[in-house]
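One structure is given here, and the rest of the page talks about it.
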Amino acid sequence: MPIDFDKSVIREQTCSVKFDARRAVFGKEDVIPLWVADMDFPAPEAVTRALETRARHPIYGYTLFPDSLYQSMIDWYRDRHGWTIEREWILMAPGVVPSLHAACLAFSEPGEGVIIQPPVYPPFFSSVKRTDRTVIENPLDCVDGRYTMDFEHLEQCAARDDARLLVLCSPHNPVGRVWTDEELRAVLDIARRHGLVVLSDEIHCDLVYPDKPTHCMLARLAEAGDALVTAVAPSKTFNMPGLGLSALVIPDPDRRRAMKEVFDSLHMGQCNPFSITGFEAGYRHGGPWLDELMPYLQQNRDFVADFLAQRIPEVTMAVPEGTYLLWLDCRGLTPDDKALKQFFVQDAGIGMNPGATFGDNGRGFMRMNIGCPRPLLEQALERIEAAVIRRFR
């Protein structure tokens with residue numbers, strides 16, 4: 001049976017950050033939440049069945065990572081991405097964000113530089129600052145609504161005496177770029193010339209729209225000796241980020257050991273049995289669900305693009321190639337970030353992520369999560385349209 005992604009699932013009173021934290025985040029509960037990056041769709045049925053089966057065993061003790069867990073991941077990336085992973089390269093991790101912090105600790109010293117490419121996911125900033133490292137910004141360029149890397153400036157950043165690590169977001173959150181092979185090769189070339197370690201956050205690698213180029217894992221282009229760490233997880237792919245398990249692929253044993261030592265020093269080596277069960281079930285059985293999801297998300301993306309063009313031309317969007325996140329340029333409404341957030345929350349009743357939290361070049365933008373049933377998305381856009389008419393026309 002086809003999956004009914006239009007069906008609404010009540011998430012209130014489930015301790016959902018996206019729904020139950022609305023008053024704390026936005027100051028009111030009556031907002032349509034299109035912010036934090038999880039989707040409003042049930043996870044694949046196979047994942048739920050596997051969790052139910054595990055729950056029927058009444059002891060939830062300390063748990064090993066089984067060989068089948070690793071093999072499910074190896075098989076997925078071989079079949080879906082043409083990427084061959086060796087078992088010993090994999091280091092299980094308690095999430096991609098903790099891995100960002102661990103990479104800063106493992107591959108740089110206090111005060112040394114970590115390159116990021118804003119506008120970018122806010123933990124890229126906080127992981128550097130909270131580990132007492134120095135943020136080196138290599139802002140993305142935007143030409144006619146399409147974002148690209150500024151390689152000349154990236155070279156300058158990499159050439160700094162204090163630069164040690166480059167954190168790449170691929171596909172990019174929030175602008176939705178799926179980097180081309182040519183762009184990724186340029187990143188690797190610069191990293192090689194300047195001895196940088198590259199951590200490639202590829203948590204959205206499976207969420208590429210059917211009408212766009214396929215995602216290329218950076219590691220597929222790497223050469224022997226490249227200092228590369230790839231972060232992946234089934235959490236975004238199969239909508240189970242609350243289970244909290246990710247993986248790092250690190251071919252070099254010394255760098256793999258350095259990351260493991262950081263995790264061990266923080267006693268972050270354990271994981272709960274449900275995370276393990278969900279991880280394996282997603283990679284083993286979630287493919288058909290994903291194959292139905294992506295065309296639906298593409299229709300959501302195109303629905304928003306058409307709605308904005310026809311009815312809210314003051315707001316434009318960079319058409320994403322991947323992720324379920326839209327990067328909305330709202331400077332046609334107001335350039336004032338505080339007023340912009342207040343407008344969407346108070347006037348329109350919509351909760352989104354302010355662009356300013358993604359870096360200075362995100363000011364005047366908002367990030368919209370379209371991983372929701374289309375009727376809810378339509379309701380949100382109609383609210384925005386009505387508020388724009390009242391306030392700005």
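Quantities reported herein were computed from a predicted structural model and do not represent experimental measurements.
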Can you tell me if [atom1] on [X] sees more than 12 non-hydrogen neighbours from other groups inside 6.0 Å?
X	atom1	answer
Gln156	CD	yes
Gln299	CD	yes
Arg130	CZ	no
Phe365	CZ	yes
Gln13	CD	no
Lys18	NZ	yes

Contact check, side chains of [X] and [Y], non-hydrogen atoms, under 4.5 Å:
X	Y	value
Met39	Cys372	no
Leu207	Leu293	yes
Asn272	Tyr60	no
Arg54	Leu51	no
Met352	Leu328	yes
Val120	Phe125	yes
Arg284	Asp75	yes
Arg393	Glu314	yes

Between [Y] and [X], do the side chains contain a donor N or O and an acceptor N or O under 3.5 Å apart?
X	Y	result
Gln117	His172	no
Glu155	His194	yes
Glu182	Thr180	no

Given the rule that I, L, V, M, F, W and Y join up when any side-chain heavy atoms are under 4.5 Å apart, are [X] and [Y] in one cluster?
X	Y	value
Val229	Ile136	no
Leu297	Trp289	yes
Leu325	Val315	yes
Val167	Val128	yes
Tyr70	Val96	no

How would you list, by chain and number, every residue that makes a side-chain hydrogen bond (donor to acceptor under 3.5 Å, both in side chains) with Trp327, sequence neighbours excluded?
Tyr147
Can you tell me how far [atom2] of [Y] sits from [atom1] of [X], rounded to the nearest 0.5 angstrom?
X	Y	atom1	atom2	result
Lys28	Gln346	NZ	CD	5.0 Å
Ile250	Ile85	CD1	CD1	12.0 Å
Ile276	Ser72	CD1	OG	11.0 Å
Phe307	Glu378	CZ	CD	7.0 Å
Phe343	Ile384	CZ	CD1	7.5 Å
Asp141	Asp150	CG	CG	4.5 Å

Plane angle bin for Phe238 and Tyr283 - parallel if under 30°, tilted between 30 and 60°, otherwise perpendicular
perpendicular
Under 6.0 Å from the ring centre and within 45 degrees of the ring axis: does the NZ or CZ of Arg367 meet both conditions for the six-membered ring of Phe358?
no
NZ or CZ of Arg374 within 45° of Phe5 ring axis and under 6.0 Å
no
Hey, mind stepping through Arg23 and Glu29 against salt bridge (charged side-chain N to carboxylate O under 4.0 Å, His left out) and telling me if it holds?
CA-CA 5 Å; Arg23 181 172 294 279; Glu29 293 180 3; 3.5 Å; yes
Do you know which two heavy atoms are closest between [X] and [Y], and how far apart they sit?
X	Y	answer
Asp252	Arg255	OD2-N, 2.8 Å
Ala219	Thr230	CB-OG1, 3.9 Å
Pro234	Leu245	CD-O, 4.0 Å

Start with the C-alpha distance between Arg220 and Asp181, add both sets of side-chain angles, then the distance that settles salt bridge (charged side-chain N to carboxylate O under 4.0 Å, His left out), and finish with yes or no.
CA-CA 10 Å; Arg220 285 185 56 204; Asp181 293 15; over 6 Å; no
Donor-acceptor pair, side chain of Asn369 and main chain of Asp38, under 3.5 angstrom
yes
Apply ring pair (Phe, Tyr, Trp, His ring centres under 6.0 Å) to the pair Phe41 and Tyr296, showing each step before the final yes or no.
CA-CA 11 Å; Phe41 309 127; Tyr296 186 87; 5.7 Å; yes
